[in-house]
Structures are given as structure tokens and as C-alpha cells.
Amino acid sequence: MLSAVAYPTAAQQLPSVGFEGEWEKNVPWNSVTDTLSFINATLGMEENYPNGIFGLQPKGWIIANVNGVVSEKFDDDDNLIGYAGLGATQVGYKVVGYNSESAVILQNSPNPFMPTQIVPAYLSLGKTWATNTLDWTTFAPANKDGGVFGGMEISSRPDALAFVYQREYAPAEGDADNAQNATVLVYAWKGTWTQKDVPANNSMSAETVKVTMTDRDRNILGMTTDQGGEVTKSDDAELIAKSLDQIVGEKKEWTEYFLPIEYLSDAMPTKINVVIAANDYFDSQRIVNGNSLTVDNVRFVYYSRLGEIKVNGVAIEGFDSNTYEYSIAGTAPAIDKIETVILGGGKSAQTGVSVNGKTITITVANDNGADIDGRNEHSYVLNFDEAASSEQASYAGYLNIEMGGAPMAENTPATIQITKTGENTCTFVLPNFSLDLGGGPTPLGDIVVPDVTTSVENGVTTYKGEVKGLTLMQGALVADVDLQGTIDAAGQADMVIEVMWNGIPIHVTFTSKLSGIAGVIDENAPIEYYNLNGIRVESDQLPAGIYIRRQGNKTDKVIIR
């Protein structure tokens, strides 16, 4: 059984998936009211609006309604009973969903006190906020800013965000641009960002109530801020994932939407935020009145599929994450010769491999949540056909290895594999390549050269190929490989494999026959010493270390203490 468990995670999904759960009163936040109650300016009585003047929002989400310019409301005994807002604006509410009772419509809407000012509509997991002052010379808002701070706690790595949506444009008015794109934003992080002196309310004067804001979206994303003071962050603060996309065009029918989440590191996030906007979220100067975006079934997707399968170091040709059965020429390999790569950046699925005769089954499961098709588990079946393995041939022979010009091995038994991949192409594999650097043979892995070109003349096949950035020792070593050689009609192979690792040349030859000088030792030949970089060194007063000693064609490793 192979395992690819990246993190100890627990199932975690967005709140109110489908928006069919509880809806709660929307009480917009600002720096004046904080989380206190808000009442209607005209009637002054909250009981006349049992759902609040902004209606309801799905639990766990915040619709970016705004309070406007807030003033205090007192009862007859001068007790503070709440707040009223001049220019309070609602930009989102509940509508019938996709084969369901509930969805959220987000609609850019005019401020009733100043209709030329269009309030952007968006939905978020964090607290939404807005600020501006009034320029009394032009009677127009100034110092506009806003967005989201905070988000939802998380202890998993979702692979994507998915939902269904409808999108409508408002009727064009003159030269107004009614085709502004909608926005989808997902970002995940750990630690905290803090910004001082952020104005966070609307004011009829130049004075605003400033706050210290934690985890403001622009701070986390590394963007500049028009307003606010110094930004600091905790030692462990890190932006771990970010995906930003725009929805283009009008869709009056329900349409599927899918956004892969791009991970910037392998770290586990502790917080995540999702913003869905009926406008360009980062361009508040160009909000189109009346444009709307309706969303339903907003959910995280956790992949339980594979992005790649390798057999004996060679990727399955034509592999597709959504194709689950493959026929492969040759004999079913050992389990440890099957390599898999989990699809997506979340990498939270688990893989298991089982063998049943000529069939290998790879099962991919994710306990965190469902994939895009609603399933938590998928299986890939590899059927091996030995009868078709004539396209693959193995040749037994011997390796001779020099490292930096110094001999490392002579006439070591080995096998190479040639797998035909096209009329004049093949894949070359030297399995289980190893080097003895003084402490016994060290296995480095398989040398695999794909897309080797072949040509045949007088019964002799010539091979030429190269690979850049070949990884060995599970990625600890990275080398470039150049291959040239021949195999004659009798199956006699002569291959030269040049490996360049970290500036050090490793010269490898593979032949079907023993070297002609094998076993011949000239006991009277001078003794020569080489360091591990293949450079010959003088034998007098060698520093402590490991050296290669050669006499004639006999080599061994010595340790100088």
C-alpha cells in the first residue's frame, strides 16, 4: 500500500452550502456601531423591521450592505437604543435558487441619499466595510475605500471553489459601461496582518472613526492601501494560497463555475476567505448600477483524482484525470514501481495501490470533502498485457562507471530496458542505478530517458536522447543525462550514458560483454589516488577523507584518518 497523506486534516466545507440552512439578520459593521444594533432612521423602531432593514443573509456569510452615515438614536429618557444610517443601502438578498428555495443575488445599487454613488455588491466570509468623507466643494464623496477583513478558520487545503450562477446586465445608460466583469477571489493564510488607523465609516465631514484592522484583504495579498497607517505582521504570517478570477459575459441561465485554488507553499492555512462580487472588486471607481450576480451551491472541492501515474519511472501516455482504466503492454511491476501525483494544489487525498494478477488498482480517497462530481473516492485500473510486451525488451550486461575521470565501478552486472513508443522513438531505462562513494553502494534510482530517437542501418539500431533535470534519490539529486549507443541484430548492446551532476561528470557505459581487461591486475603498476570529484591527488600526506585508489585496472575506496 502506497500512501500520499500530506496533512492530518478533517472534513471542512463552506458554511450554508446551497444556502438552504439558517439565514440570520444582516447587521453591517462599521467603526461607529461595531456590532451593536442598527435601526431604521425614519421610524426609529426596530420592531417594525423584525429582520432588520437589510433583511437576512445566509449564516456564516456577510453581504456587503452599508449603513451609510451613522447617527445615534436615543429613547425619550436619552438612553442609546441603536443607530440610524443616512444613505443605508442594501445590495444583496434572498431569491429562489438552482432547483432549490434559496440563493443570494448581489446587485450593485445606488445610495438613496446620493443616487449617483453606486454601492458595490459582494459576498464574503469576512467582515465587509466601507468608508468615505464628503467633499463640500463638490458635494461628492472623497477618500473612498473598503473591502473585507478576517475570514473563516480552516484546517484543510481545498483544491477548488465551485458554484452555479446567473448574471445580468442593467440596461445601458448613455455611454455607461454595463459590461463590467464580476469577481471571484479565494485566499488562505496563517498568522496575522495588522494595520493601524484605518478609517472605517462614512462621514459627512473629514473626520472618521479609525480602527486597528486585523487581516485586511489588501494587507494579506501584498497590495497597496489608499488609506490606513502602518502595516505589521506576525512572525508566522504567510499567504499560502490565492486565486483571483473574473466572470465575463451575461448568463441568464444557471451556469457552472469552477476556480482551482493556487497554492504558493506547502504550509497548512489557518484562515481562508472567499469574495464573490457583482463587479470588479478592486475597482470601486467604476461600479455599474444594476448589474447583478446570483450564486447558489457555493462549495469547496476536494480532489480525489490523480494528475499523473508513472510505471517504472515512465508516465502513462495519454493519461487523463477523468479516465479510469488503461491497458499497458508488459508485465505488472512491483508496487514500488508505481508512482502517483495527486491532482491539484491541496494534496490532501490518500492513495492506495493493490495488485491482483495482471491488474493494478490505484484508489484515491479524500475524507475532507467531495470532488467536483460529488464523489469522495475514485479508482484507476491498470491492465497489463504480457502478449503486447514485444514492444518492450530487456538487455543484460555490465556497467562501467567513472566519476570526474576516476573509476567508480567496473563490470557491474546490470540490465537496461527499451520500450518502443513510436515508429522511431523509445524510452530508455537503467533501473536501480547506484554509486559507491565509500560506504557501500548508494541507490540513486532509475535513469529514465524518454523520447529517445532511433535509426536502423545494416541491422544495427542507433539510439540518441537526452533529459534535463532528471531527479534521483527522490529529488535530492538533479542531473542532466545524454544517451548514445547501439544494439546490433544479435542483441549486443553498447551504450554510453553521460551524467552531469552539480558540475561533476559521471561517465557510464553499458555493454553486453565483459571488458577485455577484466580480471587482469598489474601488481607492479603505480598506485594512483583520486578525490571524490575525480581529481587526481598526490599520495604524500593526504588530508583525512575518502579517496579512490587505483592500481592498474583495480580500484577500491580508502579512508584516510
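The model shown is predicted, which means the values in this text are computed figures rather than measured ones. Along the sequence shown, residues are numbered consecutively beginning with 1.
- Of the possible polar contacts, none joining the Asp159 side chain to the Tyr302 backbone as a donor-acceptor pair under 3.5 Å is found.
- Within the 4.5 Å cutoff, the side chain of Glu325 has no heavy atoms near those of the Tyr380 side chain.
- Nearest heavy atoms, Val301 versus Ala162: CG2-CB, 3.8 Å.
- Although no hydrogens or angles enter the test, the distance criterion places a donor-acceptor pair under 3.5 Å between the side chain of Asp488 and the main chain of Gln492.
- Judged purely by atom type and a 3.5 angstrom limit, Glu402 has no side-chain atom pairing as donor or acceptor with the backbone of Val508.
- Between Lys464 and Asp482 there is no salt bridge, since no side-chain N of the basic residue sits under 4.0 Å from a carboxylate O of the acidic one.
- The aromatic rings of Trp189 and Tyr187 lie parallel to each other, with less than 30° between the two planes, well short of the 60° mark.
- Side chain of Ser512 to main chain of Ala493: a donor-acceptor pair is present (N/O by atom type, distance under 3.5 Å, no hydrogens or angles).
- If you take CD on Gln484 and CD on Glu466, they are separated by 10.0 Å, rounding to the nearest 0.5 Å.
- Side chain of Trp61 to backbone of Pro15: a donor-acceptor contact under 3.5 angstrom is found.
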Evaluation steps, side chain to side chain contact (heavy atoms under 4.5 Å, CB included), between Val311 and Ile316 = CA-CA 7 Å; Val311 179; Ile316 292 178; 4.2 Å; yes
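- Of the N and O atoms on the side chains of Thr359 and Asn383, at least one donor lies less than 3.5 Å from an acceptor on the other residue.
- Judged by distance alone, the side chain of Asn400 and the main-chain N or O of Thr509 form no donor-acceptor pair under 3.5 Å.
- Side-chain atoms of Leu161 and Val184, non-hydrogen and from C-beta on, do get closer than 4.5 Å to each other.
- Not counting sequence neighbours, Lys242 has no partner by the salt bridge (Lys or Arg N to Asp or Glu O under 4.0 Å) test.
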I would like to know whether Val314 and Phe428 meet side chain to side chain contact (heavy atoms under 4.5 Å, CB included); could you show each step before the answer?
-> CA-CA 10 Å; Val314 180; Phe428 171 92; over 6 Å; no
Side chain to side chain contact (heavy atoms under 4.5 Å, CB included) between Asp480 and Leu470, worked out | CA-CA 6 Å; Asp480 296 337; Leu470 174 71; over 6 Å; no
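- Without hydrogens or angle criteria, Arg299 side chain to Asn297 main chain gives a donor-acceptor distance under 3.5 Å.
- Contact between Arg157 and Pro269 at its shortest, heavy atoms only, is CG-CD, 3.7 Å.
- A distance of 8.0 Å separates OG of Ser124 from CG of Asp217, quoted to the nearest 0.5 Å.
- Val467 places none of its side-chain heavy atoms less than 4.5 Å from the side chain of Val448.
- Across all non-hydrogen atoms, the minimal contact from Tyr263 to Pro158 is OH-O, 2.7 Å.
- Other residues, nucleotides and ligands contribute only 12 or fewer heavy atoms inside 6.0 Å of the NZ atom of Lys233.
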Please lay out, stage by stage, how Thr462 and Glu457 fare under the test side-chain hydrogen bond (donor to acceptor under 3.5 Å, both in side chains).
-> CA-CA 8 Å; Thr462 300; Glu457 185 175 351; over 6 Å; no
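- Smallest separation of non-hydrogen atoms from Ser243 and Glu262: OG-N, 2.9 Å.
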Walk me through it: do His378 and Asn322 pass the test side-chain hydrogen bond (donor to acceptor under 3.5 Å, both in side chains)?
-> CA-CA 9 Å; His378 296 84; Asn322 299 312; over 6 Å; no
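- Aromatic ring orientation, Tyr257 versus Phe163: parallel (interplanar angle below 30°, classes split at 30° and 60°).
- Contact check for Phe510 versus Tyr398: no side-chain heavy atoms found under the 4.5 Å cut-off.
- Counted by atom type alone, Thr225 and Gln195 present one or more donor-acceptor pairs between their side chains at under 3.5 Å.
- Here the side chain of Asp215 pairs a donor or acceptor atom with the backbone of Trp193 at under 3.5 angstrom.
- Side-chain polar atoms of Ser348 and Asn368 form a donor-acceptor pair below 3.5 angstrom.
- When the ring-ring contact (aromatic ring centres under 6.0 Å, His included) test is applied to Tyr326, the partners found at least two apart in sequence or on another chain are Phe319.
- Atoms OG and CG, from Ser321 and Leu306 in turn, are 7.0 Å apart once rounded to the nearest 0.5 Å.
- Thr255 places a side-chain N or O within 3.5 Å of a backbone atom of Glu253 that can act as its donor or acceptor partner.
- Closest approach of Ile335 to Val353, counting heavy atoms only: CD1-O, 3.7 Å.
- When side chains are defined from C-beta on, Thr183 counts as touching Asp280, because their heavy atoms get closer than 4.5 Å.
- In this structure, CD1 in Ile418 is found 9.5 Å from OG1 in Thr454, a value given to the nearest 0.5 Å.
- Residues Ser394 and Gln417 come closest through the heavy atom pair OG-CG, 3.7 Å.
- Here the CD-CG distance, from Glu377 to Asn366, works out to 10.5 Å after rounding to the nearest 0.5 Å.
- In summary, the side chains of Asn424 and Ser455 do not present any donor paired with an acceptor at a separation below 3.5 Å, with no hydrogens or angles considered.
- The shortest distance between side-chain heavy atoms of Ile240 and Lys190 falls below 4.5 Å.
- Side-chain atoms of Arg216 do not come within 3.5 Å of backbone N or O of Gly150 as any donor-acceptor pair.
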Dump the intermediate steps for side-chain hydrogen bond (donor to acceptor under 3.5 Å, both in side chains) on Thr361 and Asn356, then the final yes or no.
-> CA-CA 8 Å; Thr361 302; Asn356 183 10; over 6 Å; no
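- Rounding to the nearest 0.5 angstrom, the gap separating the OG1 atom in Thr427 from the CD atom in Glu317 is 8.5 Å.
- For Lys251, the NZ atom counts as loosely surrounded, since its 6.0 Å shell holds 12 or fewer non-hydrogen atoms of other residues, nucleotides or ligands.
- Between Glu153 and Lys271, none of the side-chain N atoms (NZ, or NE/NH1/NH2) sits under 4.0 Å from a carboxylate O, so this pair counts as no salt bridge.
- Gln12 places a side-chain heavy atom less than 4.5 Å from the side chain of Met152.
- Around atom OH of Tyr395, more than 12 heavy atoms belonging to other residues, nucleotides or ligands sit under 6.0 Å away.
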Test Asn273 against Val186 for side chain to side chain contact (heavy atoms under 4.5 Å, CB included), laying out the working first.
-> CA-CA 6 Å; Asn273 191 28; Val186 182; over 6 Å; no
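- Every residue two or more places apart in sequence or in another chain that forms a salt bridge (Lys or Arg N to Asp or Glu O under 4.0 Å) with Asp283 is listed here: Arg286.
- Residues Ile247 and Asn181 are not in side-chain contact: their nearest non-hydrogen atoms beyond the backbone lie 4.5 Å or more apart.
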